[in-house]
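All values derive from a computational prediction rather than experimental measurement. Note that these values count all heavy atoms, side chains included, but never hydrogens, waters or copies made by symmetry.
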Amino acid sequence: MKGHLLEVRQLAEGFGEKIGVKHIAGLAGVLHDLGKYTQEFQQYLEEAVSNPDTPPKRGSVDHATAGGKLLYERLHSGQQDRYPWILAEVVGNTIISHHAYLHDFLNESLESDYLRRVRDKELCEFEEAKGRFFEEVMGEAEFRQYVSKAVEELEAYLTRSSSESNESKLMFLAKYVFSALIDADRSNTRAFEEDQSPEPEEDRKALFSAYYDKLMERIAGYAQHEDADSSINRLRREMSEQCERFGARPSGIYTLSIPTGGGKTLASLRYALRHAIDYGMKRIIYIVPFTTIIEQNAAEVRSILGDDGNLLEHHSNVAQDDDEDEEEDGRITVRQKLKLAKDNWDSPIIFSTMVQFLDIFYAKGSRSIRRLHNLSEAVIIFDEVQKVPVKCVSLFNHALNFLKTYGKSSLILCTATQPALDFVERKLDVSEDREMVERLDRVVDAFKRVEIIDRATEEVYDSDKLADFVAEKIGEVQSVLVILNTKTVVKRLFGLLEGSDVPVFHLSTSMCAAHRKQILDQVKEHLSNEDKVICISTQLIEAGVDVSFDCVIRSLAGLDSIAQAAGRCNRHGKRGIQNVYVIDHAEENLSRLPEIEVGKRITRKILTDLKLDSSKYSGQILSVGAMERYFKEFYKAFESSLNYSVRKLQKNMVELLMTDRNRNSYNLEYRGSKGQSLPLFIVNSYRTAAEYFEVIESMTTSVLAPYGDEGKELIAELNGAGTIENLSQLLRKAQQYSVNVFKYELDKLAQNDGLVSLLDGKVWALRAGAYHQKFGLDAENDSGFDLGIF
């Protein structure tokens, strides 16, 4: 006990020190298991070890409350004292929550789950536990001195200049300390189980310097190409050099608006490495909108750096997180192995998705939030940032403002179509002189490679008419890409065109990453050989997938999507000016896709404006002016949704998480019904908000696909018993074979016997018949894709 508490304190102190809260985080670490200093818990432990087949009920002895209760008793009793009270609330909540998720200070029933635990709950042997703690771990005088330092840190934290409110600052502090505690606790427990010491975080400067040398060697190699002095390549080099110079500036929130084909990945990596070396950053993180492009971007960076072991691709959470995660103390179970498996984003270079990023801050459970402290002292590059889900815009902005002010991170909004994130009510605190690329209009004009042809404002296409149009275009060019808004019409068009003389390929998010990669590799081979080829895809292909078609046909959608689709046409400008056709598909059902529906309506208005007056927006549908108007109208249309509305509660996430006590509706109701104020400084509802948070509504889980020999072998290995380290490796590998499944699809799969449970129900896999070799997920479980696993 003594060793564990002191070692967790030391780890938590290191995590907390990154944002100036060393002793606040350390306090959570040293007190989190205070409740284990009781005979009751020791008997529970002995019984668990002695009777592995019939252990005591998991979590039947509450050991998490005692540390929070001690802080409440010592700091929160008597006359109100601002900083000690807040310290007790923040740290106490993290302690009582460390096997689940942060509690509500005030919930919708007008009750305080926090006070119920730390003030009202009677604990067996509480006095004895405190006595043992002060005798063995930390003396009373040392404890008081330590608390005093934590109070000083809290005051400095809250008085630091920031655009965020005190309630917002406290919410992020609580989540950061919770992250530090969870990671410290699990890292130390894992080290104990494996009889190893936790690995200290190394100084990354030497590693990033070596990476920088390799990158510059690659860039120097490009200068030897025969077309190195073309105007486009000179401009690419110029923008790359601008990014390097920008790396010398202090960390902040900046924009990088390099057009498609401008060398965005290399330029952003050049900035990131330069800045990481100069400012001692711990890691470089790429956040992308879709899983589709993680493997592509990661492969490009990996090929430059020549290092696979230090690069993490994190697509999704394959294993489910427990709502209540109490330990099965005394024995290592599958549940424990999953909890201890390394999943904390401590790698030097990480590629992940916007869903994973937002889940770290706002989703329930402890697996995602464990990574939060590793977002500090980082360069974080948001690729295609315009794809932030509209309901998450305010939450995204708050998270970035916290990372800028407290996390000492540098945040790069990287896209050819910058959204107006500083136009909304809860603004992004973008740095002055934000744009890395100089004379942006000149750059946009120089990279023009396509003409947008409006076929959407005066006619409508069904699948048959569109198939005829595609056949007409493939007769004129070598390659055609069709991007539609729903999987249903993509599949329908594929069926109409399949079997023709020209190879036809299909892409959608129903496929696992390994499957999509194989299809994309085949498509790229045809494109490289200049063979005839047709590809039909959902919008997943738009966000940075490195392909170049002679002709693109895009179903009407948001202007940012039209621009991204255009980036897949004549990508390198080798064929002069090529055509991108915008059509209106009559068969698309967008009732479940309101953002696409609204974006489509606004884009139609802008196209109509241009048809009436060709001089508007500088005569270009994809001009900076047109894009600015699009995003302002788009966010205006969703103004009531930007704070993440929770319909069932008739509230929004911002109110639940960070509204001050004098405007918090639960607190006002409490005051009105009780005739007195809740005796707390913080009254927000952290757990309630987390329970309602989903980046993609109705997304329930990831399932593993039995795709190819590796997919089959992976599922078989996961079903066996292995070490924690082996499980960590398998879960990382599983990213390539996971498919995100909506709840209605999961229900259908269960109904049709299409699912298999692995690892005590914490991981799900598809049966052979539930995965189709052309289309991916088949919820009907009748694909006939016989892989012979089960």
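In this structure, OG on Ser685 lies 11.0 Å from OH on Tyr692, to the nearest 0.5 angstrom. Distance check: Ile287 CD1 to Leu413 CG gives 12.0 Å after rounding to the nearest 0.5 Å. A distance of 10.0 Å separates OG1 of Thr255 from CG of Asp433, quoted to the nearest 0.5 Å. Note that CG of Leu11 is 9.0 Å distant from NE2 of His373, once rounded to the nearest 0.5 Å. To the nearest 0.5 Å, atom OH of residue Tyr286 and atom CG of residue Leu269 are 4.0 Å apart. Distance check, rounded to the nearest 0.5 Å: CG of Leu372 to CG of Asp359 gives 12.0 Å.
Not one N or O on the side chain of Glu595 forms a donor-acceptor pair closer than 3.5 Å with the backbone of Pro389.
Between Ser97 and Arg687, the side chains place no donor N or O within less than 3.5 Å of an acceptor N or O (distance only, hydrogens not considered). Using modelled atom types, one finds no donor on one side chain facing an acceptor on the other under 3.5 Å when comparing Ser645 with Asn652. Side chain to side chain, Lys387 and Ser561 meet the donor-acceptor criterion of an N or O pair below 3.5 Å. A donor atom on one side chain and an acceptor atom on the other are not found under 3.5 Å apart for Asp346 and Asn374.
Between Phe357 and Leu400 there is a side-chain heavy-atom pair separated by less than 4.5 Å. Looking at heavy atoms from C-beta onward, Glu13 lies out of side-chain contact with Glu17 at the 4.5 angstrom threshold. Looking at Ser251 and His275, their side chains come closer than 4.5 Å, going by heavy atoms from C-beta outward. Within the 4.5 Å cutoff, side-chain heavy atoms of Ile86 are placed close to those of Leu158.
Among all heavy-atom pairs drawn from Glu377 and Met281, the shortest one is C-SD, 3.3 Å. Thr405 and Ser161 make their closest contact through CG2-O, 3.6 Å (heavy atoms, listed as atom of the first residue, atom of the second, distance). Scanning both residues, Ser179 and Arg370, for their nearest heavy atoms gives OG-O, 3.0 Å. Nearest heavy-atom pair, Ser366 versus Ala100, reported as atom, atom and distance to 0.1 Å: CB-O, 3.8 Å. Of all heavy-atom pairs spanning Thr659 and Asn684, the tightest one is O-ND2, 3.1 Å. Val547 and Ile541 get closest at one heavy-atom pair: CG2-CD1, 4.2 Å.
With sequence neighbours excluded, the residues that form a side-chain contact (heavy atoms from CB on, under 4.5 Å) with Ser168 are Glu164, Ser165, Phe172, His398, Met658. Partners of Lys517 according to the side chain to side chain donor-acceptor pair (under 3.5 Å) rule, which considers only residues two or more places apart in sequence or in another chain, are Asp521. Taking Ala690 as the reference, Tyr101, Lys364 meet the side-chain contact (heavy atoms from CB on, under 4.5 Å) condition, with sequence neighbours excluded.
Other residues, nucleotides and ligands contribute only 12 or fewer heavy atoms inside 6.0 Å of the CD atom of Gln10.
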Subject >> side chain to side chain donor-acceptor pair (under 3.5 Å) evaluation trace for Lys282 with Ser409 >> reply: CA-CA 10 Å; Lys282 298 294 193 298; Ser409 292; over 6 Å; no
**OP:** Starting from the C-alpha separation in whole Å, work towards a yes-or-no answer on side chain to side chain donor-acceptor pair (under 3.5 Å) for Ser162 and Tyr406.
**Re:** CA-CA 9 Å; Ser162 168; Tyr406 291 99; 4.9 Å; no
**OP:** Run the numbers on Arg237 and Glu241 for salt bridge (Lys or Arg N to Asp or Glu O under 4.0 Å), then give the verdict.
**Re:** CA-CA 6 Å; Arg237 281 199 302 276; Glu241 289 162 4; 5.3 Å; no
**OP:** Using the side-chain contact (heavy atoms from CB on, under 4.5 Å) rule, take Tyr271 and Val379 through it: C-alpha gap first, then chi angles, then the decisive distance, then the call.
**Re:** CA-CA 9 Å; Tyr271 165 84; Val379 180; 3.9 Å; yes
Original post:
After noting the C-alpha distance and the side-chain angles of Arg371 and Asp183, does the key distance pass the salt bridge (Lys or Arg N to Asp or Glu O under 4.0 Å) rule?
Top reply: CA-CA 8 Å; Arg371 307 164 190 141; Asp183 198 17; over 6 Å; no
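A salt bridge between Glu694 and Lys391 is absent, with no side-chain N of the basic residue lying under 4.0 Å from a carboxylate O of the acidic one. Here Lys636 pairs with Glu639 in a salt bridge; the nearest charged N to carboxylate O distance falls below 4.0 Å.
Here salt bridge (charged side-chain N to carboxylate O under 4.0 Å, His left out) pairs that include residues 401-412, with residues two or more places apart or in two chains, are Lys404-Asp429. The salt bridge (charged side-chain N to carboxylate O under 4.0 Å, His left out) contacts involving residues 267-281 comprise Glu244-Arg270, Glu244-Arg274, Arg274-Asp278, where partners must be two or more places apart or lie in separate chains.
Between Tyr362 and Phe693, the angle of the ring planes lies from 30° to 60°, which puts this pair in the tilted group.
Aromatic pair Phe634/Phe638: ring centres closer than 6.0 Å. Centroid-to-centroid, the aromatic rings of Phe361 and Phe396 stay 6.0 Å apart or farther.
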Acceptor/donor pairs from residues 302-312 side chains to any protein atom, 3.5 angstrom cut, sequence neighbours excluded:
residue : atom : partner : partner atom : Å
Arg302  : NE   : Asp308  : OD1          : 2.6
Arg302  : NH2  : Glu313  : OE2          : 2.8
Ser303  : OG   : Glu300  : O            : 2.7
Asp307  : OD1  : Gly309  : N            : 3.1
Asp307  : OD1  : Asn310  : N            : 3.4
Asp307  : OD2  : Tyr211  : OH           : 2.6
Asp307  : OD2  : Asn310  : ND2          : 2.8

